[in-house]
Each structure stands twice: as structure tokens, then as C-alpha cells.
Amino acid sequence: MNRHLLSAVLAGSLAGSLLLTAPEAQAAPAPVLPATSHSSAPQAVDIAVTPEGFTAPSVLRPGAVTFRVRSTDPAGAWIGLVRLRPGVTLETYLADLRRAMGDDPGAGGRAVARDVEMLGGTAVAHAPAAATLYVTPGTYYLVDFRDVDLPDLADRVRRLTVPPGWPVQVPRPSAPTSRITLRDSAFDVLGVLSGPVRVVNRSRQHNEAMLMPVRPRTTLADLDAFFEAVDAGRDPGAQPFTGGPTGVVPLSPGRSAVLETQLPSGTYALVTWVRDLDSGSMFAARGMRALVTVQG
């Protein structure tokens, strides 16, 4: 999702399974692992985002983890968890990410797909949200994709380690009551979303699921006209959204996440800002959009 694009589009309406195997240069002391819990709930990580960045724990235990995100930044936050593929450096990935979210979305996006596995995460605007993911031993990075154009992006990224040899009963997240399935050019979704929502990527490439509040009487034709204009590089004119995106940031194929939000009840557009890596066109401009009712 391009921060510049969203800022321009939404002006006036509201204020991205393999473990990194490179050895450390020096032996490090054993990490202090988070305390175990006898609860069936996932371990929780609270992330508060400001314009200056965010903090996160450096160590997680394996299993389900819920990233609970809130932001006081007017630009919101798009917090995603990624795992570098063998031989890829963080610097390479961040350079490719800048290309993908900048002026080279095609080649940059393909490079990003080669660089990392995307486990998802959550985007928030004005309302907090949470995403529950599953992690296994390895090294991960939390990235706020909102920061991709900032010169200190690398300093804002947070490294997380899930050490091996930590026996823990795999906890389960709350049973989702709704489901969104990402297909190659469409969302499989019922018209009403309530409670936790499981988002599953069954498409051939990474993709996302974003909920955006819309103006009264917005139609699918309105969404189509908007995204067709954006995809073609034209001024979309009056846009249908009244707020920023809340949802699950890009998931690699086969990945899933459980989304919980504090969105007010109402009508939302379910959209993706991701482009097809083969054609370069926006999936939303090809009909990957829906209107849904969120029941808070």
C-alpha cells in the first residue's frame, strides 16, 4: 500500500516460512523468554505507534501471538510481520520494499515476494485492531509499511526472535465467527462481518484485506470507478471513503490471520491496494472489492 497514494486519495476525509540462518558474529547470552501462561489465549503483544515509531519485544515464544495495535499517528499504522528467506539481508528487503511501494511496483513487488514470507499483521486508522498469527522458531521483523519512504526506515524496523527448544502447548485464538478468503481476483465473503474474522490467502501471490468506511449510498459501481481511475493514474475525483484502512496487511499464499477490530458498526468497503505481480494492475480495479456490513 503506497503511503503517498493513500494520502492524496484520502486528503480531506481523514486527517507484505523460512528462517534466517546467518550466524551471529558473537555468541549472545540466552534470551529471557516471555512467561508462560496456562490460559488457552495466545500470547499478546501491545504495539503503540506514534509518528516517531513503535516498540516491540525482542523475543516471542512459539505458537499463536496476537499483535494488538493502536496508533496516535494521523497516518495510522500498517504493522506487518515478515521472515527473510535464506541469504536475503534486511537491507535488500527494505530496498525492494521501497521499490514495490514506490515507482516500481511490478519488479519491486516480485522482488519482495522472493525476499520474504509475509505472515500478515494489522493496519489501523483511528480504531485499534489486532491480528493473531502463528510463529515457529526463527528470526522475524516487524515493519510499519507506513514508514517505507522515511530515511530512517531501517532504524524503525523491530527484530523478533522465537528461540528453539521452548516447549509450549500451542494456544488457539478465539474461534472466528466470520471468514474472508482471498482468491486471485475476488474476495469470498458473506455480507456481514461480526466478531473475530479469519482472513485466508488462497491466491497465487501475497494479498491483503482492508476495511474502509464509505459514504452513505456508496455502490460497487462507485468503488469500481474510483479504483479504475487510480489504476490508470487519473484523478479519481470525489472518493467514496470517509476513513483510513483497518485490516490484515499482506499475507503470503497459504497464510492466514485472525482479525479483531473495534470498528463502529456500519457499511465498509472490503478492498485491497495490492497489484497483480504479472499484469501490474490493481486487483481492486479488476473487481476484487465488496461492500460489507460490520457488526460491532
Side-chain angles (χ1 to χ4, degrees), residues 1-6 9-10 16 67 69 71 75-83 96-97 100-101 105-106 108-110 112-113 115-125 127 129-133 142-148 176 178-189 193 196-213 223 226-227 230-231 241 243-261 263 268-292 294:
M1 194 186 310
N2 188 307
R3 184 184 186 188
H4 292 313
L5 172 62
L6 279 179
V9 165
L10 302 177
F67 293 97
V69 181
S71 177
W78 311 329
I79 303 292
L81 187 69
V82 301
R83 182 159 47 181
D96 290 333
L97 183 64
M101 297 181 67
R110 290 189 290 273
V112 164
D115 290 343
V116 297
E117 182 169 10
M118 305 172 209
L119 285 79
T122 186
V124 301
T132 299
L133 320 175
L142 274 176
V143 183
D144 187 346
F145 300 117
R146 168 209 66 162
D147 293 337
V148 72
S178 302
R179 184 184 179 99
I180 298 171
T181 302
L182 313 181
R183 303 294 183 184
D184 282 331
S185 294
F187 292 107
D188 279 356
V189 61
L193 299 177
V197 180
R198 182 175 297 280
V199 179
V200 183
N201 185 4
R202 298 296 185 197
S203 68
R204 69 183 187 280
Q205 69 160 75
H206 61 271
N207 216 326
E208 66 185 7
M210 296 294 169
L211 293 164
M212 301 183 70
L223 298 180
F226 171 81
F227 281 110
V230 172
D231 191 42
F241 309 116
T246 299
V248 173
V249 302
L251 293 159
S252 289
R255 281 282 174 183
S256 68
V258 175
L259 174 70
E260 296 181 79
T261 77
L263 291 172
Y268 291 78
L270 173 61
V271 303
T272 171
W273 294 84
V274 173
R275 290 181 177 269
D276 187 314
L277 297 183
D278 294 326
S279 69
S281 63
M282 297 180 70
F283 282 110
R286 293 165 34 187
M288 192 169 183
R289 80 292 179 265
L291 288 169
V292 298
V294 171

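Just so you know, these numbers use all the heavy atoms, side chains as well, and skip hydrogens, waters and symmetry mates. In this chain, numbering begins with 1 at the start of the sequence shown.
- The minimum heavy-atom distance between Ala125 and Thr246, with the atom names listed, is N-OG1, 3.8 Å.
- Rounded to the nearest 0.5 angstrom, Phe67 CZ and Ile79 CD1 are separated by 10.0 Å.
- In terms of modelled atom types and a separation under 3.5 Å, the side chain of Thr122 and the main chain of Gly247 share a donor-acceptor contact.
- Relative orientation of the Trp273 and Phe241 rings is tilted, given thresholds of 30° and 60° on the angle between their planes.
- Listed by chain and residue number, Asp184, Asp276, Asp278 satisfy the side chain to side chain contact (heavy atoms under 4.5 Å, CB included) test with Arg204 (two or more places apart in sequence, or in another chain).
- Among all heavy-atom pairs drawn from Pro250 and Val274, the shortest one is CG-CG2, 4.3 Å.
- Among all heavy-atom pairs drawn from Val249 and Glu208, the shortest one is C-CB, 4.0 Å.
- Among residues two or more places apart in sequence or in another chain, the side chain to side chain contact (heavy atoms under 4.5 Å, CB included) test is passed with Arg110 by Ala107, Arg114, Leu277.
- Contact annotation: the side chain of Leu291 never approaches that of Tyr268 to less than 4.5 Å [non-hydrogen atoms, C-beta and beyond].
- When all heavy atoms of Gly244 and Pro213 are compared, the pair lying nearest together is O-CD, 3.8 Å.
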Exercise. Could you please spell out the steps behind the side chain to side chain contact (heavy atoms under 4.5 Å, CB included) verdict for Asn201 and Met118?
Key: CA-CA 11 Å; Asn201 185 4; Met118 305 172 209; over 6 Å; no
- Task: Dump the intermediate steps for side chain to side chain donor-acceptor pair (under 3.5 Å) on Arg286 and Ser185, then the final yes or no.
- Result: CA-CA 7 Å; Arg286 293 165 34 187; Ser185 294; 2.8 Å; yes
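- A donor-acceptor contact shorter than 3.5 Å is absent between the side chain of Asp231 and the backbone of Ala285.
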Inset, instruction - Take Leu193 and Leu270, measure what side chain to side chain contact (heavy atoms under 4.5 Å, CB included) needs, and give me the verdict at the end. - result: CA-CA 11 Å; Leu193 299 177; Leu270 173 61; 5.6 Å; no
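- Minimum heavy-atom separation, Leu133 to Gly121: CD2-N, 4.1 Å.
- The structure places CZ of Arg275 at 11.0 Å from CZ of Phe283, a figure rounded to the nearest 0.5 Å.
- For Ala284, the side chain to side chain contact (heavy atoms under 4.5 Å, CB included) partners at least two apart in sequence or on another chain are Phe227.
- A salt bridge does not link Arg179 with Asp188: every distance from a Lys NZ or Arg NE/NH1/NH2 to an Asp or Glu carboxylate oxygen is 4.0 Å or more.
- No side-chain heavy atom of Val189 sits less than 4.5 Å from a side-chain heavy atom of Val197.
- Closest of all the heavy-atom pairs between Leu259 and Ala129 is CD1-CB, 4.4 Å.
- Taken to the nearest 0.5 Å, the NE2 atom of His206 stands 11.5 Å off from the CG atom of Leu182.
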